[in-house]
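This report refers to the structure that appears directly beneath it.
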Amino acid sequence: MEKIKMLNPIVEMDGDEMTRILWKMIKEELLEPFVELNCEYYDLGLPHRDETNDKVTFDAGEAIKKHHVGVKCATITPNAQRVEEYKLHEMWKSPNGTIRAILDGTVFRAPILVKNVSPAVKSWKAPITIARHAYGDVYKGTEYRVPSEGKAELVFTTNEGEIFRETIYDFECAGVLQGLYNKDSSIISFAKSCFEYALSTKQDLWFSTKDTISKKYDQTFKLIFQDIFEKEYKEKFDKAGIEYFYTLIDDAVARVIRSEGGFIWACKNYDGDVMSDMVSTAFGSLAMMTSVLVSPDGNFEYEAAHGTVTRHYYRYLKGEETSTNPIATIFAWTGALRKRGELDSTPDLVNFADKLEAACIDTIESGIVTKDLALLAEGETTSVNSADFLKAIRANLEKSL
Ligand code: NAP
Ligand code: MG
């Protein structure tokens, strides 16, 4: 069979620990035999980030801006223990945070569904994708533990002087106080990323806040979304046959539970943090969650939602057999290859991505699974190690190609 060609490169970002081992195995077993990979390679493994004073992470972010598509392996976000373990020069920042800042993007997380792992919510038949606004609000808040009676005020000052002052509360006893902010520019990017991703995946977009209570703060989110939708996206949505709708967060929660899934749910920062854990747990497993960072100007970076699976890596280093689930990492690759194919109008590449995903799902549904899924899946299963699991996927893929 002749290998499938790629007209333009994707940005490949290697990573750490067990996922780095899987990364190489996936390329050798499932990609290189079939596709003439055209990748611009960046090694975001912690040792190389340290050697380059983290420049490699910034370069990778810029490269995604240039080529519009990237695929990333999970990476270690160093803490004090990692600084010691890897003898680092510095406690480098999270690569995901750095790349998100460069691309100004929003993260979309979606579960991969298989028939033999049923969601905890019986009505869910298709994935629910959570879009979380990863900027501001309580994550950048200023807090104060009010020690005694006294007056709390909200004050705003420009270069010309004070233009706003309002009493928050006249404390008659001790209490707590919190100041939050967000920026129009960030909300606009969030909105555009959501509309772009909905068009790209042809799914309805829901957005929810608590604007009935938060009449200026949450209302601003609602109005910015509405304004951008009407000016820039309404026609495109009509043409694509998809819908945007806004509803109160409490109504959204009730509708989500009663829904069949198959849509994107955009959430403010805190709501997205909490709801994405709820939705992923209800769908089954972190090892089956994909994640894509979408920038408002249409750059896409795909990855698995899980980390580097450190515990399995230490076992691997001792020479023990490991059964780590590679599915979310494979789907990061298929996501990137499909997007590359769509942007370059190369249907062979899109078709390959579809077939590889189908081969993964067929393998699991036939009962061949990694250990994590053996505990979750219904019916007869055989738990195999990562290498044998990839071989089984390859056999299914070869049958379909
Ligand atoms: P993790 O790597 O997601 O693993 C947590 C546990 O979840 C594992 O020990 C394993 O449970 C299970 N698990 C996760 N993915 C799995 C898979 N593919 N197959 C089978 N089981 C899987 O999270 P962590 O241990 O908290 O973090 C490890 C490192 O990853 C940290 O250094 C962190 O900074 C980094 N991290 C990176 C990203 C990213 O790059 N996007 C995201 C999160 C964390 P059992 O051990 O019980 O089998
Ligand atoms: Mg969380």
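Model, not experiment: these values are computed from the prediction.
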Identify, with sequence neighbours excluded, every residue that meets side-chain contact (heavy atoms from CB on, under 4.5 Å) alongside [X].
{"X": "S123", "value": "V121"}
{"X": "A254", "value": "R258"}
{"X": "H89", "value": "D50, W92"}
{"X": "F171", "value": "V146, A152, Y169, L177"}

For the residue pair [X] and [Y], what are the closest heavy atoms and their distance?
{"X": "S208", "Y": "D271", "value": "O-OD2, 4.4 Å"}
{"X": "A110", "Y": "T129", "value": "CB-OG1, 3.4 Å"}
{"X": "L205", "Y": "A198", "value": "CB-CB, 4.1 Å"}
{"X": "I76", "Y": "P95", "value": "O-CD, 4.1 Å"}
{"X": "A63", "Y": "E40", "value": "CB-OE2, 3.7 Å"}
{"X": "F389", "Y": "T363", "value": "CE1-CG2, 3.9 Å"}

(Q) Could you work out, with salt bridge (Lys or Arg N to Asp or Glu O under 4.0 Å) as the rule, every residue matching K234, not counting sequence neighbours? (A) D238
Q: Identify, with sequence neighbours excluded, every residue that meets salt bridge (Lys or Arg N to Asp or Glu O under 4.0 Å) alongside K140.
A: none
Side chains of [X] and [Y]: is there a donor and an acceptor less than 3.5 Å apart?
{"X": "R311", "Y": "T322", "result": "no"}
{"X": "T324", "Y": "H312", "result": "yes"}
{"X": "D348", "Y": "T346", "result": "no"}
{"X": "T209", "Y": "Y246", "result": "yes"}
{"X": "E162", "Y": "T157", "result": "no"}
{"X": "N116", "Y": "E378", "result": "no"}
{"X": "Y181", "Y": "D137", "result": "no"}
{"X": "D16", "Y": "T308", "result": "no"}

**Q.** Derivation of the side chain to side chain contact (heavy atoms under 4.5 Å, CB included) call for I64 and E301
**A.** CA-CA 7 Å; I64 299 172; E301 184 216 39; 3.9 Å; yes
Give a yes or no on this: more than 12 heavy atoms of other residues, nucleotides or ligands lie within 6.0 Å of atom [atom1] of [X].
{"X": "Y217", "atom1": "OH", "answer": "yes"}
{"X": "E149", "atom1": "CD", "answer": "no"}
{"X": "Q178", "atom1": "CD", "answer": "yes"}
{"X": "E380", "atom1": "CD", "answer": "no"}
{"X": "Y41", "atom1": "OH", "answer": "yes"}

Look at the side chain of [X] and the backbone N and O of [Y], then say whether any donor-acceptor pair between them is shorter than 3.5 Å.
{"X": "S94", "Y": "G97", "value": "yes"}
{"X": "N53", "Y": "K55", "value": "no"}
{"X": "R315", "Y": "E320", "value": "no"}
{"X": "R49", "Y": "L44", "value": "yes"}
{"X": "R340", "Y": "P9", "value": "yes"}
{"X": "W124", "Y": "G262", "value": "no"}
{"X": "S259", "Y": "G261", "value": "yes"}
{"X": "T158", "Y": "E160", "value": "yes"}
{"X": "S186", "Y": "K183", "value": "no"}
{"X": "S189", "Y": "S185", "value": "yes"}

Q.
Which residue is it: K72, K27, K24? I am looking for the one with a salt bridge (Lys or Arg N to Asp or Glu O under 4.0 Å) to E12.
A. K27
Any salt bridge (charged side-chain N to carboxylate O under 4.0 Å, His left out) involving [range]? Give me the pairs, sequence neighbours left out, ordered by first then second residue.
{"range": "residues 185-205", "result": "K192-E232"}
{"range": "residues 360-370", "result": "K115-E365"}
{"range": "residues 90-107", "result": "none"}
{"range": "residues 213-227", "result": "D211-K222, D218-K268, D227-K231"}

(Q) Quick check for you: to the nearest 0.5 Å, what is the distance between N8 atom CG and L343 atom CG? (A) 8.5 Å
**Q.** Full working for side-chain hydrogen bond (donor to acceptor under 3.5 Å, both in side chains) between S295 and K65
**A.** CA-CA 9 Å; S295 77; K65 269 190 176 168; over 6 Å; no
Q) Going by the angle between their ring planes, with limits at 30° and 60°, are F225 and F207 parallel, tilted or perpendicular? A) parallel
(Q) Between Y244 and F229, is the ring centroid distance below 6.0 Å? (A) yes
Q) Does the side chain of Y302 reach to within under 4.5 Å of the side chain of K339, using non-hydrogen atoms? A) yes
Q) Is the closest side-chain heavy-atom distance between W206 and I264 below 4.5 Å? A) no
Q. Sequence neighbours excluded, which residues qualify as side-chain hydrogen bond (donor to acceptor under 3.5 Å, both in side chains) partners of R394?
A. E29, E398
Q: Take N269 and H133 through the side-chain hydrogen bond (donor to acceptor under 3.5 Å, both in side chains) test and state the conclusion after the steps.
A: CA-CA 5 Å; N269 208 348; H133 182 216; 5.9 Å; no
(Q) Checking F156 against F164 for the ring pair (Phe, Tyr, Trp, His ring centres under 6.0 Å) test, could you report, in this order, the C-alpha distance in whole Å, the side-chain angles of both residues, the deciding distance, and whether it holds? (A) CA-CA 5 Å; F156 188 74; F164 179 83; 8.1 Å; no
Q: Take S386 and L22, measure what side chain to side chain contact (heavy atoms under 4.5 Å, CB included) needs, and give me the verdict at the end.
A: CA-CA 8 Å; S386 302; L22 290 176; 3.9 Å; yes
With a 3.5 Å cut-off and sequence neighbours excluded, list the donor-acceptor pairs that the side chains of residues 327-337 form with protein atoms.
residue : atom : partner : partner atom : Å
T334    : OG1  : I330    : O            : 3.4
T334    : OG1  : F331    : O            : 3.1
T334    : OG1  : E357    : OE2          : 2.7

Q: Please lay out, stage by stage, how H48 and T52 fare under the test side chain to side chain contact (heavy atoms under 4.5 Å, CB included).
A: CA-CA 6 Å; H48 192 243; T52 62; 3.6 Å; yes
